[in-house]
2 protein chains.
Amino acid sequence: MKQQEVFKALADPTRRAILKRLQGGALTAGEIGEAFDITPASLSHHFAVLKHADLVRTERQGQFIVYSLNSTVMEDLTRMVLDLFPSKGSQGGKR
Amino acid sequence: MKQQEVFKALADPTRRAILKRLQGGALTAGEIGEAFDITPASLSHHFAVLKHADLVRTERQGQFIVYSLNSTVMEDLTRMVLDLFPSKGSQGGKR
DNA sequence: GTTATATTTAGAGATTTGTCTAAATATCTA
DNA sequence: TAGATATTTAGACAAATCTCTAAATATAAC
């Protein structure tokens, strides 16, 4: 997993909101876009970043492109976060 | 907790490395800097971002300024990440 | 008080990022 | 095939970000 891509992808509030929107299940690009005051082109850029980080999956269905969360990344992400902080009780104290 | 500040702070690899360095316990700015090929000024900028996100704490000790992880944020951060993804088994299926 | 060490602040410059408009691609429907 | 809809790609621009050098601040040691 590309740690850097994932953290970068999560750094933008619009992208985090996109992920949250997908929690309820897969949506087309257009359906996702309804919630944002942003052009389809800009939205598409965010999709590209999320895809590059492997946080979402896509599937074409006729005219539409359907986005869904890549839930397997969740585990990795949690691990990455946990890895950033010492486990409880193991932290170095005062010097 | 300022979610946006936290995610932004974590988006930079140098800052994540700083956090990892602090896992072993508190360190002075100079000690942290030894590991990076970067000027003290740039490092100080990263410290400011981490502090602003409340990810680290500081304490002056004479000439030195000692940085340590703010471990209480860990819990919040994990919650933020978990919140971004549906809990296992609850994810919406195909449409 | 002067000098040295540790760190931050200020300001500048190059790169990256998020947004837009315009144009391109893909699919559907008639 | 032609026209409509859905989405992406290309290119431009402003704002944010990371880095640097130079200067400022704070403490320590003499």
Side-chain angles (χ1 to χ4, degrees), chain A residues 2-22 25-70 84 94-95, chain B residues 2-22 25-70 84 94-95:
Chain A
K2 314 160 206 158
Q3 181 160 331
Q4 178 57 24
E5 314 302 328
V6 173
F7 278 115
K8 257 192 183 161
L10 296 179
D12 183 87
T14 298
R15 288 193 289 268
R16 291 200 303 279
I18 290 171
L19 293 176
K20 292 213 77 173
R21 269 222 111 191
L22 289 175
L27 293 172
T28 68
E31 287 168 337
I32 296 170
E34 287 167 15
F36 302 97
D37 191 18
I38 199 181
T39 65
S42 298
L43 216 22
S44 188
H45 155 71
H46 287 305
F47 292 149
V49 174
L50 290 169
K51 256 184 98 169
H52 190 228
D54 204 30
L55 287 166
V56 300
R57 291 272 163 75
T58 65
E59 180 195 351
R60 178 175 278 278
Q61 280 184 16
Q63 250 173 317
F64 305 91
I65 295 186
V66 178
Y67 283 87
S68 56
L69 285 181
N70 179 359
L84 230 36
K94 304 216 164 172
R95 44 184 9 249
Chain B
K2 313 159 205 161
Q3 181 159 330
Q4 178 57 22
E5 314 301 329
V6 172
F7 278 115
K8 256 193 182 159
L10 295 178
D12 183 88
T14 299
R15 286 193 289 268
R16 291 200 303 279
I18 290 173
L19 293 176
K20 293 213 75 171
R21 272 221 106 193
L22 288 176
L27 293 172
T28 68
E31 286 168 338
I32 296 170
E34 286 167 15
F36 303 97
D37 192 17
I38 200 183
T39 64
S42 299
L43 215 23
S44 188
H45 154 72
H46 288 304
F47 292 148
V49 175
L50 289 170
K51 257 184 95 170
H52 189 227
D54 204 30
L55 287 165
V56 300
R57 290 273 163 77
T58 64
E59 180 194 352
R60 179 173 279 277
Q61 279 185 15
Q63 251 174 317
F64 307 92
I65 294 186
V66 179
Y67 282 87
S68 55
L69 286 181
N70 179 0
L84 231 37
K94 303 216 166 172
R95 45 182 13 244

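Naming: A, B, ... by sequence-line order, numbering from 1 per chain. Fair warning: this is a prediction, and the values are worked out from it, not measured in the lab.
Annotation: the span from B:Leu69 atom CG to A:Leu84 atom CG amounts to 8.5 Å, rounded to 0.5 Å. Atom-to-atom distance recorded for B:Tyr67:OH and B:Leu43:CG is 8.5 Å, nearest 0.5 angstrom.
The CZ-P distance, from B:Arg60 to D:dT25, rounds to 13 Å in whole Å. Remark: P of D:dT17 and CZ of B:Phe7 are 16 Å apart, rounded to the nearest angstrom. To the nearest angstrom, P of D:dA6 lies 18 Å from CD of A:Glu59. Summarising the geometry, the separation between CD on A:Gln4 and P on D:dT17 is reported as 14 Å, rounded to the nearest angstrom.
The minimum heavy-atom distance between A:His46 and A:Ile18, with the atom names listed, is CB-CD1, 3.9 Å. Scanning both residues, B:Ala53 and B:Val6, for their nearest heavy atoms gives O-CG2, 3.7 Å. The two residues B:Ala9 and B:Leu55 come nearest to each other via the heavy atoms CB-CD1, 3.8 Å.
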Self-check item: Step-by-step side-chain contact (heavy atoms from CB on, under 4.5 Å) determination, A:Val49 to A:Asp12
Solution: CA-CA 10 Å; A:Val49 174; A:Asp12 183 87; over 6 Å; no

Quiz item: Going through the checks in order, is the side-chain contact (heavy atoms from CB on, under 4.5 Å) test met by B:Leu22 and B:Leu27?
Solution: CA-CA 7 Å; B:Leu22 288 176; B:Leu27 293 172; 4.0 Å; yes

Quiz prompt | Check against side-chain contact (heavy atoms from CB on, under 4.5 Å), B:Lys8 and B:Arg15 | solution = CA-CA 10 Å; B:Lys8 256 193 182 159; B:Arg15 286 193 289 268; 5.6 Å; no

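A heavy-atom distance below 4.0 Å to DNA chain D is reached by these residues of residues 37-47 of chain B, ordered by number: B:Ile38, B:Thr39, B:Ala41, B:Ser42, B:His45, B:His46. Taken residue by residue, residues 8-15 of chain A places no heavy atom nearer than 4.0 Å to DNA chain D.
In this structure a side-chain-to-backbone donor-acceptor pair under 3.5 Å is present from A:Gln4 to B:Ala11. A donor-acceptor distance shorter than 3.5 angstrom exists from the side chain of B:Glu31 to the backbone of B:Thr28, with no hydrogens or angles considered. Using a distance-only test at 3.5 Å, with no hydrogens or angles considered, a donor-acceptor pair links the side chain of A:Asn70 to the main chain of A:Asp54.
Take the nearest nucleotide of DNA chain C for A:Val49 and for B:Gln63: the residue whose nucleotide is more 5' is B:Gln63.
Chain B approaches DNA chain C within less than 4.0 angstrom (heavy atoms of the protein), and the contacting nucleotides run 5' to 3' from C:dT5 to C:dT9.
Note on B:Phe36: nothing from the nucleic acid sits closer than 4.0 angstrom, heavy atoms only.
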